[in-house]
Amino acid sequence: MPIASKPSVLVPDGECGCGPFAHLPEGVCRVAPAALGAERLIPPEPARNEAGKVQVAAFDFDGTCIRGNSPVLLVRHLARRRMLKPSVVARILGWAACYKARLPQNESWVRGLVFRAFAGRSVGETNEFLRDFYDRFIDERFRPDAEAAMRAHEEAGHAVVCVSATFEPIVAAAMERRPIQYAIATRMKADFQGNYTDRVEGLPIEGPEKVEALIRFCDERFGAGAWELAWAYGDHHSDRALLAAAAHPCAVTPDRPLARTANAEGYDILEW
C-alpha cells in the first residue's frame with residue numbers, strides 16, 4: 001500500500017539531525033546518535049537542586065503514558081492496510097504469545113518484522129506515516145494523569161524524559177502535543193540512500209537497556225554526575241530496572257509481577 005509521499009533528505013553520518021534532517025515533527029530535534037534520543041526545541045531548561053544536579057523524571061510510554069501498546073496497535077493498522085504479509089503477522093503474533101508467557105525473546109527481531117512494512121521507503125515519508133498513525137490512533141489514548149504528572153514535573157523545573165521501546169517517530173509525535181521535553185526510543189537504521197531498513201539502530205529501548213540509554217542521554221545532555229534519576233514511572237515488569245534506579249519509583253496500574261515488586265519494595269502504586 002502506498003504511503004504519503006514527502007521529500008527525503010539524506011542524513012550524513014555523524015549529523016545530529018536537527019530540523020529537517022531528522023524527518024521528525026517540527027519542533028523536535030534528534031540529538032547525538034550515541035544517546036538515540038530527541039528533545040523538543042527550546043524546552044524549558046531544567047533547574048538544578050542544591051547539589052547542582054538536574055532532577056530527572058522518567059516515564060515509560062506504552063501502558064504508562066497511554067492506554068494500550070502502540071506497537072501492537074501499529075501491527076493491527078499495518079495488517080488492515082495489507083502492508084505486512086499474513087505470514088509476517090503470524091510470526092509477530094507468535095512472538096507476542098511467547099513474550100506474554102515471559103519466555104526470552106529477541107526484541108530486535110520482532111521490531112525488524114514490524115518494520116518490514118517500511119523497509120526501502122524513505123525516512124521522511126515513513127515518519128510522516130507514523131506521525132499520522134499517532135494522531136489518529138494513539139493521542140486519544142494518552143492518560144490525563146500522565147500528562148498532569150508531566151506538567152507538574154516540568155513546572156517544578158525537572159527534566160521530563162520519556163524512555164520507551166516503541167519506535168522513535170511515534171514518541172516524537174507525542175512530543176509535539178504532550179509535555180515531553182526529552183525522549184529516548186527505539187530507532188531503526190536507515191541506509192545510505194536515506195531509506196529505512198528492517199534493522200534496529202543499537203538496541204531496542206527495553207528492560208535494563210532503558211537505564212543504560214537514559215544514562216548515556218543524560219550524561220550527554222546534562223553532564224556526567226550532574227543529574228539524578230529522581231522519579232520513574234512504569235507499568236510493566238520489564239520496567240523493574242528503570243524503577244529500581246530511581247529515588248522515587250512509581251508503579252502505574254502495574255501488571256501482577258510489577259505489583260508484587262512494588263509492594264515488596266514499597267514503591268508508590270498509582271492507578272491512572
Side-chain angles (χ1 to χ4, degrees), residues 1-4 23 36 60-123 125-142 162-174 183-191 195-210 213 234-240 242 253 255-258:
M1 295 288 291
I3 59 180
H23 303 293
L36 297 181
D60 168 59
F61 187 71
D62 293 300
T64 302
C65 293
I66 68 167
R67 293 176 288 105
N69 183 290
S70 59
V72 170
L73 294 167
L74 177 60
V75 169
R76 291 175 183 169
H77 181 56
L78 296 174
R80 283 195 299 267
R81 294 189 56 149
R82 299 182 182 179
M83 293 175 65
L84 286 174
K85 294 180 179 179
S87 60
V88 173
V89 174
R91 293 166 73 186
I92 293 171
L93 293 177
W95 183 96
C98 292
Y99 182 81
K100 190 173 182 179
R102 298 174 208 159
L103 299 175
Q105 293 295 303
N106 187 321
E107 298 285 348
S108 295
W109 178 79
V110 74
R111 283 161 179 79
L113 286 180
V114 176
F115 243 68
R116 286 191 182 181
F118 308 115
R121 300 180 187 270
S122 78
V123 170
E125 67 182 38
T126 298
N127 286 2
E128 189 65 20
F129 177 94
L130 292 174
R131 181 186 184 187
D132 178 72
F133 164 76
Y134 174 86
D135 288 343
R136 294 174 59 194
F137 301 106
I138 304 299
D139 193 63
E140 66 182 10
R141 293 172 170 268
F142 211 94
C162 183
V163 189
S164 176
T166 196
F167 298 109
E168 180 185 51
I170 294 175
V171 176
I184 307 163
T186 300
R187 181 176 297 171
M188 302 302 290
K189 285 186 177 181
D191 62 22
N195 298 322
Y196 269 125
T197 69
D198 60 1
R199 290 173 292 138
V200 175
E201 183 79 34
L203 294 172
I205 309 302
E206 171 78 12
E209 180 60 19
K210 287 187 177 182
D235 73 297
H236 193 259
H237 60 270
S238 62
D239 295 320
R240 282 172 172 152
L242 180 66
T253 57
D255 64 4
R256 289 182 181 179
L258 181 58

Problem - Tyr196 and Asn127 side chains, donor-acceptor separation under 3.5 Å - result: yes
Practice task
Would you tell me whether Thr64 and Asp235 have side-chain atoms, one donor and one acceptor, within less than 3.5 Å of each other?
Solution key: yes
Practice task
Sequence neighbours left out, what passes side chain to side chain contact (heavy atoms under 4.5 Å, CB included) with Asp135? Give chain and number order.
Solution key: Arg131, Arg177
Can you tell me how far [atom2] of [Y] sits from [atom1] of [X], rounded to the nearest 0.5 angstrom?
X: Asn195; Y: Thr126; atom1: CG; atom2: OG1; answer: 8.0 Å
X: Arg91; Y: Arg116; atom1: CZ; atom2: CZ; answer: 5.0 Å
X: Ile138; Y: Cys65; atom1: CD1; atom2: SG; answer: 12.0 Å

Handout entry: Glu168/Arg187 ion pair, N-O < 4.0 Å
Key = yes
Problem - Evaluation steps, side chain to side chain contact (heavy atoms under 4.5 Å, CB included), between Val163 and Ile205 - result: CA-CA 7 Å; Val163 189; Ile205 309 302; 3.6 Å; yes
Practice task
Return yes if some donor-acceptor pair links the side-chain N/O of Asp198 with the main-chain N/O of Ala119 below 3.5 Å, else return no.
Solution key: no
Handout entry: Arg111 side chain vs Ala165 backbone, donor-acceptor pair below 3.5 Å
Key = yes
Can you name the closest pair of heavy atoms from [X] and [Y] and give their distance?
X: Thr197; Y: Met188; answer: O-CE, 4.3 Å
X: Ala117; Y: Arg121; answer: O-NE, 3.1 Å
X: Gly234; Y: Asp239; answer: CA-OD2, 3.5 Å
X: Ala79; Y: Val89; answer: CB-CG2, 4.1 Å
X: Val171; Y: Cys162; answer: CG1-SG, 4.1 Å

Practice task
Carefully, step by step, assess Leu258 and His236 under the rule side chain to side chain contact (heavy atoms under 4.5 Å, CB included).
Solution key: CA-CA 6 Å; Leu258 181 58; His236 193 259; 5.6 Å; no
What donor-acceptor contacts under 3.5 angstrom involve side-chain atoms of residues 67-78, with partners at least two apart or in another chain?
{"from": "Arg67", "atom 1": "NH2", "to": "Glu140", "atom 2": "O", "distance (Å)": "3.3"}
{"from": "Asn69", "atom 1": "OD1", "to": "Val72", "atom 2": "N", "distance (Å)": "3.1"}
{"from": "Ser70", "atom 1": "OG", "to": "Asp62", "atom 2": "OD1", "distance (Å)": "2.7"}
{"from": "Ser70", "atom 1": "OG", "to": "Asp62", "atom 2": "OD2", "distance (Å)": "3.4"}
{"from": "Ser70", "atom 1": "OG", "to": "Thr166", "atom 2": "OG1", "distance (Å)": "2.8"}

Handout entry: salt bridge (charged side-chain N to carboxylate O under 4.0 Å, His left out) evaluation trace for Glu206 with Lys210
Key = CA-CA 6 Å; Glu206 171 78 12; Lys210 287 187 177 182; 5.4 Å; no
Practice task
Please lay out, stage by stage, how Phe61 and Ile170 fare under the test side chain to side chain contact (heavy atoms under 4.5 Å, CB included).
Solution key: CA-CA 10 Å; Phe61 187 71; Ile170 294 175; 4.2 Å; yes
Handout entry: Partner of Phe167 by ring pair (Phe, Tyr, Trp, His ring centres under 6.0 Å), out of Phe129, Phe115, Phe118
Key = Phe115
Practice task
Walk me through it: do Trp95 and Glu107 pass the test side chain to side chain contact (heavy atoms under 4.5 Å, CB included)?
Solution key: CA-CA 9 Å; Trp95 183 96; Glu107 298 285 348; 3.6 Å; yes
